[in-house]
Amino acid sequence: MEHCATPLPPMKRRILAIWFARLSVDRWRLALAPEQRDVADKAPTALIAETAHGPRIAAANQAGLAAGARPGMLLADARALCPQLATAPSDPAGDLAALEKLALWAQRWGPWSALDPPDGVLVDVTGVAHLFGGEQALLADVARAFARRGLTVRAALASTAGAAWALAHYGLPAAILAPQDDPLRLLGGLPVAALRLDDDVLAVLRRLGIKRLGELAGVSGSADDPAGEAAARDALRRRFRNRRSPAANPLLRLDQLLGRVPEPLLPVIAQAIPMVQRRLMEPIRHRSLLDRVVEDLAFDMVRTLEARGEGARRLELALWRVDGEVLWRRIELAAATREVTHMLRLFAARLDDVEAGFGIEMVQLRASWSEPLALSQADLDAAAERHGTSLAACIDRLAVRLGSGAVTRPVPRASHIPERAQGWQPPLDPVAPVQGSLAFHARPLKLLDRPEPIAVLYASPDGYPQRFRWRGAVREVVRVDGPERISPEWWRERSSVRLRDYYRIEDAAGGRYWIYRQGIAGDGRGGVPDWFLQGLFA
């Protein structure tokens, strides 16, 4: 007897759109003490952002909105409407970081989620609604979960990300668009802003008289007059033919909403932080026992990092006391490392002030910042430790003892102007990559703190230098290499700043110098060019 398996019908894709309607204000409110929140809710408050035209309102609480404050309004205009308006600085970077954490937390409702900045999250809930008792129960669970966290949300379910976003922002609360529903019939009354378009595109559509999705869909083809509607769609397509971004093309956004064109989404993937811990059978109070536990954790951390091909740049040690208090100790490293001895030496200076109280019952070590680190020859590293302290280890020890702000290092800057091509920053800060670095041999070994003026004798205004006077001594030039022309940075300097022609010269005594002529004759930016000495070669 043969058994034929009946294939299951393909599941319809379902996207959950979560809109944090007041993310900035909710985060600001949650940062206050519980007894201050009621007072803050009653007072008109706006979060402001500094712009080129002055502070503007980024968000406002309910009392501020009722008083007339609106996002995008200048603070001066809002103060004219509401003189008692209180202000607080906005935090866009903090909002984005919080949104990333919320996107990861929202994966409790689906296998993956994607960011919808600046205040939204999309979750793929295909085939999981029955686990919550249906789609209505799923939306109710979303509302309850975020209400417990103090966040105001609106959620919606649809078969496409565009439709779910439109319902969450402009539809009824907890709206659901079933797979068998007609999107145009149910969404046709929503404004065209529900298509996630740029402001300039919305202004163009308003001038064309298109205010609703149904009106825009009318140029997408109709059974009554297919020729006329096709012509209207072609006219609209020609108007936006140079708009490649989906947010700048209303027809593309409409096709994405209806599912005619796929919309790729970039899922948020949580990266596990390397972490090791010890739960102790008996609480410990003595420093020698604590050092032994930390040493065991350091060896475990090194093995974990080695398996990942990484090295630690920041290590955080957490000590759980019996009374519930958690003590934190953190060290930052100048270079990625997996050296146990170096880690223990740095932590030894941070554990002297640990108060164990009635005892420490759990110790945890995690690498909150790690970088790729290839395998190295341990023999060479050990030899370097025996013959002297390496530079990275020296920097780490100085930073631990003196503080990270007391140690700085030179770093390259993206500038061709010599005095601006280098800066100083703490050694633990990441260094931004600089492309197109100049050849080492073309720059002197020593740069003066500031260029010093010199008197130069030359054959012609644009000719090579033949003799120059510097610090009271006259030097004869026997060799000249140049010029190397460096133009001023037009985005930073005034238009009257003159360009430089650099020369590498050698005098009769063998001294080698780096001089430059500031300006050229007849450039219209001054009189006779000036000469300066800026560096000395080896």
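No experiment lies behind these values; they were computed from the predicted model shown.
- Minimum interatomic distance between A143 and V153 (heavy atoms only, all atoms of both residues): CA-CG2, 4.4 Å.
- Expressed to the nearest 0.5 Å, how far CD of Q256 lies from CD of E263 amounts to 4.5 Å.
- Looking at M343 and V302, their side chains come closer than 4.5 Å, going by heavy atoms from C-beta outward.
- One finds the OG atom of S24 at 8.0 Å from the CG atom of D119 (value rounded to the nearest 0.5 Å).
- Counting only residues at least two apart or in different chains, side chain to side chain donor-acceptor pair (under 3.5 Å) contacts with residues 49-75 are absent.
- A distance-only check finds a donor-acceptor pair linking the side chain of T45 to the backbone of A43 [under 3.5 Å].
- Taking CE of M73 as the reference point, atom CZ of R79 lies at 13.0 Å (rounded to 0.5 Å).
- Side-chain contact check for P183 versus L177: some heavy-atom pair is nearer than 4.5 Å.
- Inter-residue side-chain proximity for I417 and I486 is flagged as met; some heavy-atom pair is nearer than 4.5 Å.
- For the pair D116 and W165, the minimum side-chain heavy-atom distance is below 4.5 Å.
- R313 and S370 are not linked by any side-chain donor-acceptor pair at a separation below 3.5 angstrom, with hydrogens and angles left out of the test.
- L85 is listed as a side-chain neighbour of L75, based on a closest heavy-atom distance under 4.5 Å.
- At distances below 3.5 Å, not a single donor-acceptor pair connects side-chain atoms of R14 with backbone N or O atoms of G127.
- R329 places a side-chain N or O within 3.5 Å of a backbone atom of R350 that can act as its donor or acceptor partner.
- The minimum heavy-atom distance between V121 and A106, with the atom names listed, is CG1-CB, 4.3 Å.
- No side-chain donor-acceptor contact under 3.5 Å links Q364 to the backbone of W320.
- Here T304 contributes atom OG1 and I273 contributes atom CD1; the two are 13.0 Å apart, rounded to the nearest 0.5 Å.
- Using the six-membered ring where Trp is involved, H169 and W19 have ring planes that are parallel, under 30° apart on the 30 and 60° scheme.
- Ion pairing between a basic and an acidic side chain is recognised when a charged N comes within 4.0 Å of a carboxylate O; R500 and E419 show such pairing.
- With hydrogens and angles disregarded, a donor-acceptor distance shorter than 3.5 Å links the side chain of D26 to the backbone of T152.
- In terms of modelled atom types and a separation under 3.5 Å, the side chain of R338 and the main chain of L373 share a donor-acceptor contact.
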F240 vs V201, test: side chain to side chain contact (heavy atoms under 4.5 Å, CB included). Steps then yes/no.
CA-CA 9 Å; F240 295 99; V201 180; 3.8 Å; yes
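- Counting non-hydrogen atoms of other residues, nucleotides and ligands closer than 6.0 Å to CZ of R239 gives a total of 12 or fewer.
- In this structure, R22 CZ and L151 CG are separated by 10.0 Å, a value rounded to the nearest 0.5 Å.
- Residues A58 and S90 approach most closely at CB-CB, 4.0 Å, considering heavy atoms.
- Side-chain contact between L205 and L197 is present, with at least one heavy-atom pair separated by less than 4.5 Å.
- Between L315 and L365, some side-chain heavy-atom pair lies under the 4.5 Å cut-off.
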With side chain to side chain contact (heavy atoms under 4.5 Å, CB included) as the test, would you mind laying out the steps for R498 and I520 before giving the verdict?
CA-CA 8 Å; R498 313 181 78 174; I520 56 178; 5.9 Å; no
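- Remark: side-chain polar atoms of S113 are not paired, donor with acceptor, to backbone N or O of L122 under 3.5 angstrom.
- Between A67 and P44, the closest heavy-atom pair is CB-CB, 4.4 Å.
- In this structure, the separation between OG1 on T160 and CG on L257 is 5.0 Å, given to the nearest 0.5 Å.
- The shortest heavy-atom contact between A129 and E135 is CB-CG, 3.7 Å.
- Annotation for D200: atom CG counts as buried by contact number, over 12 foreign heavy atoms lying within 6.0 Å.
- Between S487 and L499, the shortest heavy-atom contact is CA-CB, 4.2 Å.
- Within the structure, no pair that satisfies the salt bridge (charged side-chain N to carboxylate O under 4.0 Å, His left out) test touches residues 146-159, not counting sequence neighbours.
- Counting heavy atoms from C-beta outward, D124 and L265 have side chains that stay 4.5 Å or more apart.
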Could you go through the side chain to side chain contact (heavy atoms under 4.5 Å, CB included) check for L115 and L266 one step at a time?
CA-CA 8 Å; L115 289 180; L266 184 62; over 6 Å; no
If you apply the rule side chain to side chain contact (heavy atoms under 4.5 Å, CB included), what do you find for L23 with L102, and how did you get there?
CA-CA 11 Å; L23 180 61; L102 290 172; 4.2 Å; yes
